[in-house]
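Below is one structure; the comments refer to it alone.
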4 protein chains.
Amino acid sequence: MTRSKRQLQKHQTRQQIIEAALHQFAKDGLTVARTSDIATSANVSHGTVFSHFPTRELLLDTVIEEFGMRLAKRLHELVGDHCGMKDVLFAHIRGIREYEAFYTRLILEGRFLSESSRHSFIMIQSTISFHMIQIAEKEMKNNKICSQPVELLFNTWIGLIHHYLINGDLFAPDGSVLERYSEQLIDHYLNLIKGEY
Amino acid sequence: MTRSKRQLQKHQTRQQIIEAALHQFAKDGLTVARTSDIATSANVSHGTVFSHFPTRELLLDTVIEEFGMRLAKRLHELVGDHCGMKDVLFAHIRGIREYEAFYTRLILEGRFLSESSRHSFIMIQSTISFHMIQIAEKEMKNNKICSQPVELLFNTWIGLIHHYLINGDLFAPDGSVLERYSEQLIDHYLNLIKGEY
Amino acid sequence: MTRSKRQLQKHQTRQQIIEAALHQFAKDGLTVARTSDIATSANVSHGTVFSHFPTRELLLDTVIEEFGMRLAKRLHELVGDHCGMKDVLFAHIRGIREYEAFYTRLILEGRFLSESSRHSFIMIQSTISFHMIQIAEKEMKNNKICSQPVELLFNTWIGLIHHYLINGDLFAPDGSVLERYSEQLIDHYLNLIKGEY
Amino acid sequence: MTRSKRQLQKHQTRQQIIEAALHQFAKDGLTVARTSDIATSANVSHGTVFSHFPTRELLLDTVIEEFGMRLAKRLHELVGDHCGMKDVLFAHIRGIREYEAFYTRLILEGRFLSESSRHSFIMIQSTISFHMIQIAEKEMKNNKICSQPVELLFNTWIGLIHHYLINGDLFAPDGSVLERYSEQLIDHYLNLIKGEY
DNA sequence: CATGAATGAGATTTCATTCAT
DNA sequence: GATGAATGAAATCTCATTCAT
């Protein structure tokens, strides 16, 4: 029992650091955010960060992985079995919205991260594309959406969403771009890909 | 005369620095490239960089502005008067391709630059959108492309292109993504937006 | 009874720490070895080290003292009553050989330790010199070794041995210098100091 | 000329740093001395140290090499052509005496330095042994010193000197051990190795 | 008494910027 | 105007030590 309390404490600190890092990385950038700021923001000493994560890179890896897992789980919850394309797109946006800032940083800086972080990020994208492509193929058969390469279909959507996220400060200076544009973007996208009958 | 010779010399050095900076910023990133590397690459001393551009930020601003002007000029040359959507898209890609690396960096890091750099970047985007939107409106009237908000039409294209550029290392590990995918992307996009008649 | 059991336990832990420290200090150096490594090597927690030895310095002091006592005892066993110079030299080397690495560290770093550690180390040297000088004086009378200041006689021997220990990596890259050179060094030394008759 | 003044300045700063480092390494130890203390002691900013020597290790390498060259040069000056063993020993001690503290640190810590520093140190030792062994062989032929392996002869002397240096604080608490004991040590050593005739 | 998470002082290194030449 | 040596403010990471459990 004594042990479990200590373990709990440790786990809690670890989570605090991860949460603070998630916030700081989102705010200042994956490559710019300082470990000392993360420590301050997590209400622990600077040294404590390194007692949980030997290097900054390892912390970042962990944070990205954690984010990936949360997002995957959330998407899984949101994407029901019998849903159509529209539902998937909504789920996608809702899933991302909870971590909008961090996800945007990941789009921007993901390319320059360590092998393992990069891998985590690619996994995250795969999770999203998996659902979309599955639905797309089904709806193409039904002629609900017109036949075309699923890869391009997916990339068009992702590109559109990322474009709005990346330029969030222009599209929605105060607040969430996703919140503001999700409906419009989904409608537009569905209109673009809808089948002709 | 002596003075004008000096001024010429000065102007030449300035251009060397800008050129070198363009190269280094593209190669190492807008926030990461070192002023000392730029100096080396420009064949001038480190100090000289600062005698032409008081701060690193000012140099970056200048480089972005310069890039913007060149791109605008190039696009103007490439986009003829009587051209259709396809021609504009091709022109767009061809214009960007000459500075693919730098342009990609701008997409990735543009948001976090100084007010004035950010402004330059936005101007660049406007130049591109101006041509596209003009054509789009014309072709919508002709029913060549289906009627829809031009803003979204433009953003879909930009998002798609940017997505490929940002993930260039995945889509085209060795070489230019634009070279490899331009045709495919243009065809796909035109197919998406084509009018139904 | 319970108390005595606890005390036993405590004493045992203390000995484990001392033993581990002896090993780590020998391996990594008196000033470099980490308390956390000592803890790990002693199969106790890092904190336990400090519950037995308030500071790292005190632990080091204790270890050196312990080493001194063991060496003194060992030398006492090895040096018989009726032995000659050769026997003493052999005993000396055999005594040291058991702790070759630690002893070497002591030669190298002993000078920069705390007062008390330094004192312990000097005591160790005295133990050795005591035996040598006693024999030397006897053998000088017998003309077995030629007459000369005992202090210098002793220092010449010590210097020679220490030189080989300090440069062990050159003289015996894999293995014990003492094992490899003891005979040769003893013969050489005896030859140098032998009486002329 | 302007250039030469700047170059002179730079060279001077470099020398100041080397001199300060020589002093600090001697005082605090090759592995312990702080770059910031060296900077302070050299009257330059901390950054300046790194603008001349990219890493601490490179600075140490340079200092050791510099020391080696100075010592070699000094020994060369001191060791005449027609001198005997006694002269060589005196020269050796006089050469070392000028850098007594640094040389002592080198004995103590040389083993744990980088490959190149270690190499420099070994070169230094070789310089010394070269002279001694040459003389020794000549004097053995003359029967001035008794015949024995030159390697051991050399190591006995080196060991003796190093022993006094290492324990300088005991043998000569305030001042130079070499100054105090050189004569006595040389006499003793010569006596030990003298030929029997 | 043992534990081990948390602490924080300090060490090396980087790099935009300044300024004497 | 050009030069490049000097500057010094960070940033990451280490480790002896403390103290709540």
Side-chain angles (χ1 to χ4, degrees), chain A residues 1-14 17 32-39 43-57 59, chain B residues 3 6-7 9-10 13-14 32-40 44-57 59, chain C residues 3 6-7 9-10 13-14 32-40 44-57 59, chain D residues 1-14 17 32-39 43-57 59:
Chain A
M1 283 305 128
T2 334
R3 164 167 293 193
S4 95
K5 184 165 184 185
R6 281 263 280 267
Q7 281 185 327
L8 190 72
Q9 190 82 278
K10 182 180 180 180
H11 184 254
Q12 210 172 334
T13 303
R14 192 186 149 90
I17 294 171
V32 172
R34 291 181 291 258
T35 50
S36 62
D37 285 350
I38 292 170
N43 268 103
V44 297
S45 77
H46 196 187
T48 299
V49 173
F50 291 90
S51 107
H52 283 267
F53 305 92
T55 65
R56 183 189 186 282
E57 194 177 329
L59 169 59
Chain B
R3 167 168 293 191
R6 258 206 179 175
Q7 283 186 327
Q9 168 65 24
K10 186 177 174 183
T13 303
R14 191 185 151 90
V32 172
R34 286 184 289 262
T35 51
S36 61
D37 284 350
I38 291 170
T40 305
V44 298
S45 75
H46 196 186
T48 299
V49 172
F50 289 87
S51 95
H52 284 269
F53 305 93
T55 67
R56 184 188 185 280
E57 195 177 327
L59 168 59
Chain C
R3 166 166 294 192
R6 260 206 179 177
Q7 282 186 328
Q9 168 66 22
K10 184 175 175 184
T13 303
R14 191 186 151 91
V32 172
R34 287 185 289 263
T35 50
S36 61
D37 285 350
I38 291 169
T40 306
V44 298
S45 76
H46 196 186
T48 299
V49 173
F50 288 87
S51 96
H52 284 268
F53 306 92
T55 66
R56 185 188 184 278
E57 195 177 325
L59 168 59
Chain D
M1 281 309 125
T2 336
R3 164 168 294 193
S4 94
K5 186 166 181 184
R6 281 261 280 265
Q7 281 185 328
L8 190 74
Q9 190 82 278
K10 182 179 179 179
H11 183 254
Q12 210 172 334
T13 303
R14 192 186 148 90
I17 294 171
V32 172
R34 290 179 291 258
T35 50
S36 63
D37 285 349
I38 291 170
N43 267 101
V44 296
S45 78
H46 197 187
T48 299
V49 172
F50 290 88
S51 108
H52 283 266
F53 305 93
T55 66
R56 185 190 185 279
E57 193 177 328
L59 169 58

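Numbered from 1 within each chain, the chains take letters A, B, ... in sequence-line order.
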task: Would you mind telling me which of A/T48, A/L59, A/T35, A/I38 makes a side chain to side chain contact (heavy atoms under 4.5 Å, CB included) with A/F53?
output: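 Only one option passes, and that is A/L59.
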Could you tell me whether the phosphate oxygens of [N], OP1 or OP2, come under 4.0 Å of any side-chain nitrogen or oxygen in [X]?
X	N	answer
D/T35	E/dT13	no
B/S51	F/dA2	yes
A/R56	F/dT12	yes
D/T13	F/dA6	yes
A/S45	E/dG8	no

Which part of the nucleic acid, if any, lies within contact of D/T48, taking any heavy atom under 4.0 Å across all strands shown: a base, the sugar-phosphate backbone alone, or nothing?
->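 If one applies the 4.0 Å heavy-atom cut-off, D/T48 turns out to touch a base.
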### Task
Please work out if C/H52 contacts a base, only the sugar-phosphate, or nothing of the nucleic acid, heavy-atom cut-off 4.0 Å.
sugar-phosphate
Nearest of F/dA11, E/dT17, F/dT17 to any side-chain atom of A/R34?
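Per side-chain heavy atoms of A/R34, the pick is F/dA11.
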Which stems does DNA chain F form, counting runs of 3 or more consecutive Watson-Crick or G-U wobble pairs with both distances under 3.5 Å?
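So the stems come out as E:2-21 with F:2-21.
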Nucleotide [N], atom [atom2] - distance to [atom1] of [X] in whole Å:
X	N	atom1	atom2	answer
A/Q7	F/dA20	CD	P	20 Å
D/Q9	E/dC19	CD	P	16 Å
A/D37	F/dC13	CG	P	15 Å
A/F50	F/dA11	CZ	P	12 Å
C/H46	E/dA5	NE2	P	12 Å
A/L8	F/dA20	CG	P	18 Å
A/K10	E/dG4	NZ	P	9 Å
D/E57	E/dA11	CD	C1'	15 Å

Report task. Only counting residues at least two apart or in another chain, list the ones meeting ring-ring contact (aromatic ring centres under 6.0 Å, His included) with A/F50. Result ->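 With neighbours one apart ignored, the set is A/H46.
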For DNA chain F, whose closest nucleotide is more 5', that of D/G47 or that of B/G47?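 By nearest-heavy-atom nucleotide position, the 5'-most residue is B/G47.
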Item checked: Comparing A/S36 and B/V49 on DNA chain F - which has the more 5′ nearest nucleotide ->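 Its nearest nucleotide being more 5', the pick is B/V49.
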What one should report as the nearest heavy-atom pair of B/K10 and B/H52 is O-CE1, 3.3 Å
A/S45 and A/A39 have their tightest heavy-atom pair at O-CB, 3.7 Å
Check your understanding: Is the shortest heavy-atom distance from the side chain of D/R56 to the side chain of D/R34 under 4.5 Å?
Key ->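 A side-chain contact is absent here, since even the closest heavy-atom pair is not under 4.5 Å.
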Checklist entry - Starting at the 5' end of DNA chain E, which residue's closest nucleotide do you reach first, D/V32 or A/N43? => result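 Its nearest nucleotide being more 5', the pick is A/N43.
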Checklist entry - Partners of B/T55 by side chain to side chain contact (heavy atoms under 4.5 Å, CB included), sequence neighbours excluded? => result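 B/T55: side chain to side chain contact (heavy atoms under 4.5 Å, CB included) contacts with B/E57, B/L58.
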